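Here's the structure, in C-alpha cells; my notes come after.
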Amino acid sequence: MFRYLSCILFFLLLVGPNTQVRAQKYHFVPQPESVSFSEGHFVLDKNTKVVVPKKLQGMLIPYLAEKFKSDLDLDLTFSYRRPDSQEKYIEFKLDKRASVKEEGYHLVVEPGGISISAKDYGGLFNGFQTLRQTFPLEKTGTVQISAMVVKDNPRFGWRGIMLDVSRHFQPKEFVMKQIDVLSSYKVNKFHWHLTDDQGWRIEIKKYPNLTKKGAWRADRTGVAWWQREQATAEEPKTVGGFYTQEDIKQVVAYAQVRNVEVIPEIDVPGHSKALVASYPHLFCYDEPEAHFEVATGGKAPDNAVCAGKESTYSFLGDVIEEIAALFPSKYIHIGGDECNKTNWKKCPYCQKAKADNGLENEEELQSYFIQKVHKLVKAQNKTMIGWDEILSGNGAPGATIMAWRRGKYTPQITAPQNGYPTIMTSYKYMYISQVQGPSISEPEGPKVVLPLSKVYGHDPVPQELTEEEKKLVLGNQASLWGEFTPTPEHCEYMLYPRALASAEVSWSLPENKDWIRFQRALEDYHFPLLERKKVNASKSLFSVYPSYAIDELHGQAIVYLQAEAQGYDIYYTLNGEDPSTESIKYVKEFKTAPKTLLKAGLFNKEGKLLGKIVELRLK
Ligand code: ACM
Ligand code: ZN
C-alpha cells in the first residue's frame, strides 16, 4: 500500500505540478479545447523550415513570413515538402479526414518538429494563431516551445465583431489593422456597418451621389451627439469619407488571408438619412418637401425610405447587385432595425402598397418591404441577415436573424424557436459601445456600464431552447456602434480587451472559461502584446468602482469600493492626495464626512498602480 501511494506521489511530483506549471506558461486566448504537455521542447530558430501545402502557398506564405518576421525577427524558408530527418520543421497539413470540426486543428509540438493539421484553411490559420501565442513578448530569434498536443475546435462558426463606420468614418488602414489583430484571436466574421443616417460609406458606381453627398456632413465637432443641429443646404460638408470599390476589394482580400469573412450591412428602410439626402426621390414625399442633408448627430427625423414606391426596390436591387459582386460572403445584411414609420402612415405610396397587398398596419408594411428586399438579395444568390426587428409583422422566412434586443423583446429565444438561424449580439452583453468602467472616469458614451467580466461571463445560447433549437444559434458577436468613437484610438479603446472576451465566448466551451485565468492571461501576455502591436487597449479592468450612501442620522457618508479585477488591493485617500500603497488599504466599507474628496486606485503586490485613479467628491 505504502509503495502504491508513494508511486502515486512520485508520479504527481513528476507530472502533476510540472504539467500545471507549464500549463500556465502559455496564456492562450481563446482557451483551446484541450492542451496536454509532455517532456522536451522544440527550438524554433532561423534553421526551421516551414512546410505549406502547394495549393495554399500563394495565400499563406506571405502571411506567415510577415508574422515570423514581426513576431520573432525570423526570416524562414518555405517549402511544400517535409525536409529530411535532420532538419527542423513546422508543417501545415491539410487533411480532409482530420478528426476536427471546420476551422478546428491539431497542433503537435515535438522536439523534432511542429505540425498543424486541419481540414481547411481556417483550421491551419487558427492553429498558427495558437502557436504564435507560445512566442515570447520580446522579438528573440530563438524560441523554445514546450512539447505539447493541442486539440481545438470552435464552439461557433460565427465569431464576429461589428464596426460602425457611418457615425464616424474610419480609414481602411485602421479596418485592416483590426482584422489582423482580431483574427489572431480566431474572430472570423467582420460585420461592416457601412451606412446609416450620418454617412454612406461605400462607393456605388451606379449612384455616385451616395458618396458625393451621402458620405459628408456638416461639422458639429464639440457639440454633444444628441444636441446637434441639423445642417442647412448651404453649409460646407467637411466631415466624413468613404471606401472606393478598390478599397473594399483590398480589405476583403486582406481579410480572406486572415480567415475573416467580411459581411456588408446596408441599413434600410430606417437609418437611411444619408441615402434620402443623396436621392430624395426615394423618400415618401416628392420634392420640394423631400430635401435633406446628411444627419450631423443623433437626431435624424425623416430617415426612412419609402416602402411604397417601386423606385425604392429598383434602386436597392442595383445597390445589392454591386454589393454582391464586391463581397464573396454568402451573406448580405440589410439592417431592418428601428424604422420610424411616421411618414409611412401619411404617405400615399405607402398607403397604396398597404391597401393593394392587404396589409393590416405599418409593421406588415415593414415585412412587405423586407420580403421584397429579401428577393433582391436571393437574386444575387446571397442569404439575407437582418436585425431582429425583421421578425415583426409577418417575419422574413429564410432570413438569418441578428438578435440584439432584450427586455420585453426576446429574439434570442423566439428567433430560433421559429426556425431562424440566429446570430447573438445582445445589447446587454455584447454592445461594446457602452462604457467599460465607472462612468465618472470613462470617456463619453452610453451610460450603461458593460465591464469586461460581464462580456466574458455571457453565454449566448439561451437555456430556454431545446437541443434542436440551440443548433440554430450560429454564434456570437460583439458590436461597436460609432456615435461616441470619433477616432481610431478611441475605437481601439472600446474594442480591446472586450473583443478578446467576446472571442473566447465565441470559440471556447463554457466549461473551459475561467475568469481568473483570462484576467491573468491579459495581464501577463495580451496587454503587453497589444501594446507591442500599438493597439490602444483599455485598462478599465483595473478601475475602482466607488459608491456611497448618506447616513443622515449621523451626518456621514458610508463608502463602498469594489474592483472587477481579482487578487489586488485597493488603496484610497481622503485628503486629496493621489493614493499609493502608503495610503489607507480598503478592507470594508467605511464612514467619512460628507463633501470629502475620495481618491482610490488598484495596486498589485509590487505596489504598482494598475488602472486609473478614480476621483469622487462625496455629496
Ligand atoms: C441596433 O442596435 N439598432 C441594431
Ligand atoms: Zn412612402
Side-chain angles (χ1 to χ4, degrees), residues 160-164 166-167 191-198 263 265-273 275-276 279-287 289-290 292 295 298 300-313 315-316 333-357 359 361-362 364-366 368-370 372-373 385-392 399-407 409 411-412 415 422-434 445-446 448 450 477-485:
I161 291 288
M162 187 208 78
L163 186 69
D164 165 13
S166 169
R167 273 52 181 268
H191 167 184
W192 211 352
H193 184 77
L194 286 162
T195 73
D196 214 300
D197 299 319
Q198 295 81 7
I263 297 95
E265 181 186 350
I266 302 297
D267 198 353
V268 285
H271 287 279
S272 292
K273 190 80 182 203
L275 192 165
V276 294
Y279 290 96
H281 72 283
L282 301 177
F283 185 64
C284 281
Y285 312 129
D286 297 319
E287 303 250 28
E289 284 97 330
F292 305 113
D302 300 325
N303 65 347
V305 291
C306 180
K309 291 178 179 172
E310 271 312 306
S311 49
T312 300
Y313 302 102
F315 173 91
L316 289 175
H333 195 314
I334 55 79
D337 58 321
E338 298 179 315
C339 178
N340 181 337
K341 303 176 179 80
T342 314
N343 290 311
W344 287 6
K345 289 183 182 151
K346 295 177 280 181
C347 164
Y349 301 98
C350 285
Q351 291 308 311
K352 182 168 185 315
K354 234 174 89 183
D356 289 353
N357 295 282
L359 307 172
N361 51 38
E362 277 64 34
E364 289 191 8
L365 185 58
Q366 156 128 352
Y368 165 86
F369 174 94
I370 295 294
K372 278 176 81 85
V373 173
I385 302 179
W387 295 106
D388 59 65
E389 284 92 330
I390 73 169
L391 291 167
S392 66
T400 292
I401 302 298
M402 194 166 265
W404 71 281
R405 293 182 296 177
R406 289 190 75 89
Y409 303 100
Q412 288 82 359
T422 307
I423 299 149
M424 305 300 181
T425 181
S426 159
Y427 88 83
K428 197 165 166 192
Y429 298 98
M430 287 290 155
Y431 267 28
I432 56 173
S433 10
Q434 298 171 122
V448 186
L450 176 54
Q477 172 174 297
S479 297
L480 180 57
W481 296 101
E483 289 90 340
F484 299 102
T485 44

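Because the structure is predicted, anything quoted here is derived from the model rather than measured. Just so you know, ligand 1 is whichever comes first in the structure, and atom 1 is the first atom listed for that ligand.
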For this session: Please determine which of Asp196, Asp197, Asp267 meets the salt bridge (charged side-chain N to carboxylate O under 4.0 Å, His left out) test together with Arg167.
Result: Asp196
Exercise. Ring centroid separation for His193 and Trp387, is it under 6.0 angstrom?
Worked result: no
For this session: Spell out the protein N/O/S atoms under 2.8 Å from the Zn ion (ligand 2) as residue plus atom name.
Result: Cys284 SG, Cys306 SG, Cys347 SG, Cys350 SG
Problem set entry | Taking every non-hydrogen atom, the tightest pair across Ser272 and Val268 | OG-CG1, 3.6 Å
Exercise. Any N or O on Trp387 sitting closer than 3.5 Å to an N or O of ligand 1?
Worked result: no
For this session: Indicate the atoms forming the closest heavy-atom contact of Cys284 with Tyr349, along with that distance.
Result: O-CD1, 3.5 Å
For this session: Taking all heavy atoms of Leu450 and all of Lys428, pick out the closest pair and write down the distance.
Result: CD1-O, 3.4 Å
Exercise. Which heavy atom of the protein is the closest neighbour of atom 3 (N) of ligand 1, given with residue, atom name and distance?
Worked result: Asp337 OD2, 2.7 Å
For this session: Please say whether Tyr431 places an N or O atom under 3.5 Å from an N or O atom belonging to ligand 1.
Result: yes
Exercise. Relative to the heavy atoms of Trp481, which atoms of ligand 1 are at a distance of less than 4.0 Å?
Worked result: 1 (C), 2 (O), 4 (C)
Problem set entry | Test item: side-chain donor near acceptor, Glu389 and Trp404, under 3.5 Å | yes
Problem set entry | Short N-O contact, Lys354 and Glu362, less than 4.0 angstrom | yes
For this session: Heavy-atom contacts with Glu338 under 4.0 Å: which atoms of ligand 1 show up? List them by number with element.
Result: 3 (N)
For this session: Evaluate side-chain hydrogen bond (donor to acceptor under 3.5 Å, both in side chains) for Asn343 paired with Asp302, printing each intermediate quantity in order.
Result: CA-CA 7 Å; Asn343 290 311; Asp302 300 325; 2.8 Å; yes
